[in-house]
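Just so you know, ligand 1 is whichever comes first in the structure, and atom 1 is the first atom listed for that ligand.
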Amino acid sequence: MKKAWWKESVVYQIYPISFKDSDGDGIGDLRGVISKLDYLQYLGVNVIWLCPIYKSPGHDNGYDISDYCAIKEQFGTMEDFDELLAEAHKRDMKIMMDLVLNHTSDEHPWFLESRSSKDNPKRDYYIWRKGKNGLYPNNWESYFSGSVWEYDAKTDEFYMHLYAKQQPDLNWENEAMVEELYKMIRWWLAKGVDGFRFDAIAHIVKAVGLPDADNPDNLPVVQAYQFFSNLDKVHDMLKKLNEQVLFEFDIMTVGETSGLGPEQALDYVGEDRNELDMVFQFEHMYLDAGSSGTGKWDIRSWTLLELKKIMSSWQTVLHGRGWNANYLSNHDQPRPVSRFGNDGEYREESAKMLATFMHMLQGTPYIYQGEEIGMTNVVFDSIDDYRDVETLNYYEQSRLRGQPEEVTMNAIHKKSRDNARTPMQWDDGPNAGFTEGEPWIKVNKNYKDVNVKQALADPNSIFHYYRKLISIRKQCEAIVYGDYTLLLPLDTEIYAFVRSVEHEKLLVILNFFDKTPVFDWPEDLRTDEKKLMISNYEPAEGEDVYHLTLRPYEARVYLLEGDCVKP
Ligand code: GLC
């Protein structure tokens, strides 16, 4: 397998608005990030994925960009950004920018021109259509509820927005527009940024003719992902982006691509494809979503068997052919300890177990801010405390549909993106040390117990466990490049697998629940040479290691062969 720095990296994702406020306006900023670089270096991560910091009216917290080459005032200045980049580089850390190429803000000058008249040269930078029989041009539903079309009286046409109505979709069929995007990307590369996360990149091409989706129940709008996700032409666009812009730079790229399995992902990340280094897949993020048509908001319970099946298939299909991006958490997802672990009695144990899982897989691990201290979901009683546009739209649509309030609020408590967006909990002081002002969104009530200050002081904390995982990963080639063999595929409680390269072999044992199953060590893996590399409990005195009774959420990694010393 080809070696690359981004395969050996651990990425830390920063959601700037909620990370650290330096000037007391209640909004996180770039100087706040700079002030925490030492913290991140101590954790051991070497790439920072910075969510959008560009100029933006902020209808979707920066994913609605109104100027790609300027910094949003509340986040700071371009000088602050340059300083952040330089300070990160000084500490051997890289900065990966989050770039939104599927849409802009409706306040972007391109869109202002585009909507001004039908014959404006930039009209075609976006996707405009006439209504059909006084209705929407087609029946596609937006990711944030309602139609993808917004009517614009000035020219009596509709524009498309797959996300919020303040996020009009760019028209990638328009070459002049694409050229302008290239120019902008070159500008960031010239500054020395180290990579890009391409937001919603699977959706930049829409099906020819924008056909209606099947609609047996004659609903006003229906899910139509197949018409705007992962279409063949996206690959042409990405190849061209590489040929024209990216190929000269030693950067890392990751694309956000919902709606695909590992075989299809190879079209993006196959070693010979020259498109993306890795993609964020979503299969495991839909494990707890039902099929009622309300997507993620339809809560169902997930099973370990399904999780194993999905993750194992990504591990094996991509092995030697492409590369995985491993995550349980980001700014769009609930907190993993609340979702896949136990945020009550076993918060620490389960957070460490899930971390072991992510860091022992093949692929680049992504840590989302706060995950390293086991931050949990938040439960706001009132919708007034929520800020996320997706959540607010869902609430409103559910109300109009007559769905009982408690059903809606329960779904929001479990799935709202705001679960991940409450302020980073730095200490047990006012506002968890995030700001000296009024935070833009309330702090999670548990900050007195769950915070960085406490975590740094406790050698057994989740934080120090992450540090150890990261340092082990840096030492062991088998963790980065080794193959993956699933053990006990049908066990409903234990997730165990082996990672190995020629000279090194590791066994990972994870108990996913609060029961105490017995792990029967496979005969061919029994060896007196075994060495416990990391675990979230002390081994029990007198335990029978080959018939190991696992404690709730217990995780262990054994080195069976080799020495885990970096070659
Ligand atoms: C991606 C981002 C999400 C954003 C959306 C629209 O899914 O991760 O936060 O709302 O794209 O840009």
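- If you check the side chains of Asp21 and Thr435, you find a donor sitting under 3.5 Å from an acceptor.
- Atom NZ of Lys183 is surrounded by 12 or fewer heavy atoms from other residues, nucleotides or ligands within 6.0 Å.
- Interface of Phe144 with ligand 1, defined as ligand atoms under 4.0 Å from a residue heavy atom, comprises 10 (O).
- Among the candidates Lys165, Arg115, Arg123, the single residue satisfying the salt bridge (charged side-chain N to carboxylate O under 4.0 Å, His left out) test with Asp152 is Arg115.
- Ring pair Phe228/Trp140: centre-to-centre distance below 6.0 Å.
- Neither the backbone nor the side chain of Glu390 comes within 4.0 Å of ligand 1, counting heavy atoms alone.
- If you check which protein heavy atom lies closest to atom 9 (O) of ligand 1, you get Asp332 OD1, 2.7 Å.
- Using a 4.0 Å cut-off between heavy atoms, Arg197 contacts ligand 1 through its side chain alone, with no backbone atom that close.
- Between Phe19 and Trp426, the ring-plane angle classifies as perpendicular under the 30° and 60° cut-offs.
- Among the atoms of Tyr163, none of the N or O lies under 3.5 angstrom from an N or O of ligand 1.
- For the pair Arg129 and Trp149, the cation-pi test (distance below 6.0 Å, angle within 45°) is failed.
- Ring centers of Trp188 and Phe249: at least 6.0 Å apart, outside the cut-off.
- Every atom of ligand 1 is numbered from 1 in the order shown, and the set under 4.0 Å from a heavy atom of Arg417 is 3 (C), 4 (C), 9 (O), 10 (O).
- Among all non-hydrogen protein atoms, the one lying nearest atom 10 (O) of ligand 1 is Asp60 OD2, 2.4 Å.
- Taking atom 2 (C) of ligand 1 as the reference point, the nearest protein heavy-atom neighbour is Asp199 OD1, 2.9 Å.
- Between His103 and Tyr126, the distance separating the two ring centers is not shorter than 6.0 angstrom.
- Under a 4.0 Å criterion applied to the non-hydrogen atoms of Glu256, ligand 1 contributes the atoms 1 (C), 7 (O), 8 (O), 11 (O).
- Set against the non-hydrogen atoms of His103, the atoms of ligand 1 under 4.0 Å away are 6 (C), 12 (O).
- Using a 4.0 angstrom heavy-atom cutoff, His203 does not count as in contact with ligand 1.
- Side chain to side chain, Gln281 and Asn324 fail the donor-acceptor criterion of an N or O pair below 3.5 Å.
- Contact annotation for Phe280 and ligand 1: no heavy atom of the residue comes within less than 4.0 Å of the ligand.
- Listed by number with element, the atoms of ligand 1 under 4.0 angstrom from any heavy atom of Arg421 are 9 (O).
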